[in-house]
Structures are given as structure tokens and as C-alpha cells.
Amino acid sequence: MNAAMASSAERHVVGVDGADDFEGWRAKARSLAAGGVAPDRVHWSCSAQGAFDLFGAGTTAPDPLPPAMRPVRANKAFLDLAQSVILHRDPARFALAYQLLWRLQAEGSLMERAADPLVHRLTLMAQQVRRDIHKMRAFLRFRLAHDGDGGDRFVAWFEPDHHILRANARFFLDRFASQRWSILTPALCIHWDGETLTESPGADRDEAPPEDGMEALWQRYYASIFNPARLKVATMVKEMPRRYWKNMPEARLIPGLIAGAQKREAAMVALGSAPPLRAPPASLKDIADGVALCRACPIGCNGTRPVAGEGPAGARLLIVGEQPGDCEEREGRAFIGPAGQVLDQHLAAAGLDRSRAWVTNAVKHFKFEQRGKRRIHQGPTAGEIDHCRWWLDAERRLIRPDVILALGASAGRAVLGRTPSIASERGRMTHLPDGSRLWLTVHPSFLLRLQGPAREAEQQKFGKDLAALAAQLQARPTTRRPPLT
Ligand code: URA
């Protein structure tokens, strides 16, 4: 029997392996509950990374767990809740979660009683953790640094409220698998070298690199899409709390933009136009990098992988869709899912070579609604399309296509600045102010939503539209406009 037990033979000192050790807590909580050990007889002690010590048990060795005397029940609602709660910074979290497990054994429907004080408290804690996870995904900013071997490494500084860093690592791994990166926080740092994820103790803010060129680009973009007429300071601060601003390059502009908003709004009203665009991105890579950082609208903030355009820089044909879908978001490439397959088949049948076109979307992030495990596509709003138009305009300026093939109304809006009627404007060339031409047709996913003869008929119309476009391109084979210098 160790020192802690000597003072009270009834008490169990139980150790978990780190501030976010859900699996360790779960295994031990299960054994304790199976052994009939009531919560007031348990001391939870946390060791290793980010260590804290709940009851001054510090160096005390954990006690052996009691033998199992009864089965333990824990439903999914409880486990989901506990998994988030264990990441909370409240030192009592292990004990509180165990109290809930203990009561659950006698009160089968406890999880459904939202007004129960313990359920309510833990639900709030879980919400705070989930919000912190979301904020980290949305507001973390990587800066370019260099490793000892001279290679690139992206480094970000972040100060989470809760112990969420490890829980969030998979998200950044999935999105930046081929880059080398580090995320530094005060309690713990994680590092990815392209193959292995490693950890090191917490860091200081000045260990993160200073500003780089991407910040200037991002500031330019943010200033240009900032619409003083729509400024709602309270909403903005709610969505992007002030405590994150210090690590976000664009946030430095906010006080000035707010201060100047009234003046700029008056000027805009007088001009009857949106504010002029500032210096646009200088290369397609700048656009892809900028899109990855873009948080100008709620879709950009939803933590999904950005999908930039792709294709040859000198493409004569630019194809615009609506927004990436589930498959596109996973792979980070436009039109590779079911709608992409329909598009590929019809392009090939019309004699249009997709590999020679620039393929992009009106909106560069995936908007969806989570239903269980499924992510259900949600169309972007007109405002979201208008925000993202800045990036499409930049692509158009650099690629200088002869023809833009817009698939569906969202794509049409991104090109024209107004939502077109597909029925009356499809299948004819529209001359655009920049000298390029627009060819509008339906979106391939419209075909996928139809059945039987209706689908057959619409497929034929889509095929005809693309064949007519191919004929137009052939009739004027040399009209690609020279790139801007
Ligand atoms: N739909 C689109 O509009 N774009 C894609 O990239 C995929 C599906």
C-alpha cells in the first residue's frame, strides 16, 4: 500500500498519462466502475506532458485497480461527451466524467436529462472544447520557415484554451500531408516531417517565425473583400474572437477598416460600386496559397481542405464549377468525384481535352451539412460566391482564357457578377468586358439528380452544349489571348 492509501485505505490514486489521455481515463474508469469504487474514493492524477496534479498526489504511484465485480454500461452519447470533456482544461474533468459514468450505472436514461446539473455542466464543457477545436482549424496561421537542411517548413503558433492539440493533429495531417510543418503551443508542440509525427515540450511565442510574404498577400485580399456596408462588428467579433487576432495577419487591418468604414461606405455609395481591388496575386501558386489561408466567409472558416484550380497556365479554356464536393475536398482536386466523372465523359465525347483546360470552382471550399457520418452538399449563398470571386478573377487575369465554360448558376454568377438564368442563357457565347467569352450550361450534378427519360434528355442537351462549344473553339483556333506581363 502506498503513501496515499495509507492515509485513507478507502482511496484509490489513479493515474492517466497526459492531460488529454482519454483512452487511459476510459480504461481506468471502466475498471473502477466494474470494481464498485465510488467517485468520492478516487483521486485522479495526471502525469507526463502538460502535467498537473489534482490532489497533490504528484509523485505518488497509482494504486492497483480493483477486481471486476459487475458489468459496466456506457452508451455512445456518454462516450462522445466524455471524449470531449477529457480535453477540457478544468482540472476536475477526469473526476466529473467518472461521476457521470458512475451515475449512469444506476440511471439508464441520465444522458437524456439535459437539465441534470452534472449532464449540463459536462455538456457545456464539451461544447467549449469543440469550439476550441473549430477555432484552431479556422484561425491557425502557418508561416514559412526553414529547417536545418534548408528545406521549407511551415510553422504556426497557437494558444488553445483546452488540451486539443493532439486531437486536432489528424486534421492538419490530412490537409498538409506532403508538407513539413510544426504547430507550437505553450503546453506542447507537434511536428510533421512528411512521414512521422513527433512531439516536443511547449514553446514560447517568439520561437515561431516572424511574418512572411503570405501575410502581405492575405492582408491585400482581406482589405479588398472587406465590405464596409455589411460591417457588423458584434457578429464579426463573435465569429472571430479578439484573442485570436494577434496571430492572424489580416486581423491587424480590422481596427483601421472599422474606423474607416463609414467614410468608405459613403465613398462607395457615391461611386455606386464596390471598393477597387488592391494588388492581386502575382502567380497561380500565390492564388493556391492564398485560397488555403482564406477565411473571408463562413465556408472558408469551416476547416475543410481548400481546392484550388488546376491545369496548364496557358489554357485557352477555363472550366468553372460551383464548389468542391466531398471527394474533391478529400483529395484537394476539382471535379474528381461523381460530377467530375459525368463532366469528363461529356467533355471527351465532345472532343474537348480536359487536361488542356484550367479547371476550377466559383467557391474554393466545400460547404456541407453534417448528417451522422455523411457530409451533405449545401449550395453557397450569393454572398459567399461574391466573396470568392476575387480568387476566380485573379485566375482569369493570369490565365487569360479565350472561353470560360461555366457549369450551373453559381459558376455563372461568379463570372458575370449576377445570377444568370441557365434556361435562357445556355448554349450561346457572351462577350465579357475582359475580352474573354462565356459559354454557360448546366452543372453535371444536375444530371445526376435526374432519373430515367428526364436524365437521358438532359444528358443529350448537355452533350450538345459541349459539342457546340468545341465547334466554336475550332472555328477560331488561335484566339487565346496573350498572358499579361
Ligand atoms: N462540383 C463542382 O462544382 N465542382 C467540383 O469540383 C466538384 C463537384
Side-chain angles (χ1 to χ4, degrees), residues 174-175 284 287-288 291-292 294 297 299-300 302-312 315 317-348 352-370 374-396 399 401 403-416 419-420 422 425-426 438-450 455 458-459 461-463 465-466 469:
D174 284 347
R175 267 130 200 100
L284 293 167
I287 297 178
V291 158
C294 188
C297 76
I299 317 183
N302 72 6
T304 54
R305 184 197 298 258
V307 179
E310 64 176 38
L317 176 64
L318 187 150
I319 302 176
V320 197
E322 180 194 69
Q323 62 167 353
D326 186 78
C327 299
E328 286 77 15
E329 193 272 340
R330 288 178 204 285
E331 297 294 319
R333 296 189 53 211
F335 276 114
I336 52 146
Q341 283 160 23
V342 173
L343 175 64
D344 287 353
Q345 283 159 12
H346 284 84
L347 286 173
L352 292 166
D353 183 352
R354 170 175 169 155
S355 70
R356 294 178 64 192
W358 182 262
V359 182
T360 191
N361 281 299
V363 171
K364 313 296 192 212
H365 285 88
F366 175 36
K367 181 172 177 185
F368 63 93
E369 188 192 319
Q370 190 81 45
R374 295 179 62 215
R375 301 190 299 176
I376 310 295
H377 165 275
Q378 278 197 313
T381 63
E384 287 158 350
I385 296 169
D386 295 348
H387 264 338
C388 227
R389 225 182 141 202
W390 195 80
W391 297 113
L392 180 66
D393 284 349
E395 288 172 287
R396 287 172 60 184
I399 292 172
V403 174
I404 299 174
L405 168 62
L407 302 168
S410 297
R413 180 177 182 95
V415 177
L416 293 166
T419 305
I422 303 288
E425 298 179 52
R426 74 187 289 179
L438 171 67
W439 189 260
L440 187 65
T441 184
V442 293
H443 192 283
S445 59
F446 164 65
L447 307 178
L448 287 172
R449 289 195 294 271
L450 299 173
R455 181 189 278 197
E458 284 299 334
Q459 276 177 337
K461 277 166 83 178
F462 185 55
D465 281 353
L466 296 192
L469 168 62

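For this chain, numbers begin at 1 and follow the sequence in order. Just so you know, ligand 1 is whichever comes first in the structure, and atom 1 is the first atom listed for that ligand. Values reported hereafter were calculated over all heavy atoms of this structure, with side chains retained and with hydrogens, waters and symmetry mates removed.
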Under 4.0 Å between a Lys/Arg side-chain N and an Asp/Glu carboxylate O for K461 and D465?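 Salt bridge: no.
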
Residues E328, R375: salt bridge by 4.0 Å N-O rule: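 Looking at R375 together with E328, the answer is no, because their closest N to O distance does not fall below 4.0 Å.
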
Mark yes or no for whether R455, through its side chain, and L448, through its backbone, hold a donor-acceptor pair below 3.5 Å.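 At least one qualifying donor-acceptor pair exists.
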
Check whether any side-chain heavy atom of L469 sits under 4.5 Å from a side-chain heavy atom of T441, and report yes or no.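 Of all side-chain heavy-atom pairs linking T441 with L469, none is under 4.5 Å.
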
Classify the side-chain pair E395/T360 by whether it contains a donor and acceptor separated by less than 3.5 Å.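 Checked: E395/T360 side chains pair up, N/O donor to acceptor below 3.5 Å.
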
For atom 4 (N) of ligand 1, what's the nearest protein heavy atom and its distance?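 Sorting protein heavy atoms by distance from atom 4 (N) of ligand 1 puts N361 OD1, 2.7 Å first.
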
Using a strict cut-off of 4.0 Å, indicate which atoms of ligand 1 neighbour a heavy atom of [X].
{"X": "G321", "value": "3 (O)"}
{"X": "A334", "value": "6 (O)"}
{"X": "H443", "value": "1 (N), 2 (C), 3 (O)"}
{"X": "Q323", "value": "1 (N), 2 (C), 3 (O), 4 (N), 5 (C), 7 (C), 8 (C)"}
{"X": "E322", "value": "2 (C), 3 (O)"}

Polar contacts were defined as any N/O atom of the residue lying under 3.5 Å from an N/O atom of the ligand; does this apply to F335 and ligand 1?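 Such a contact does occur with ligand 1.
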
Calculate, to the nearest 0.5 Å, the distance between atoms CZ and CD belonging to R449 and E458 respectively.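 Output value for this atom pair is 11.0 Å.
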
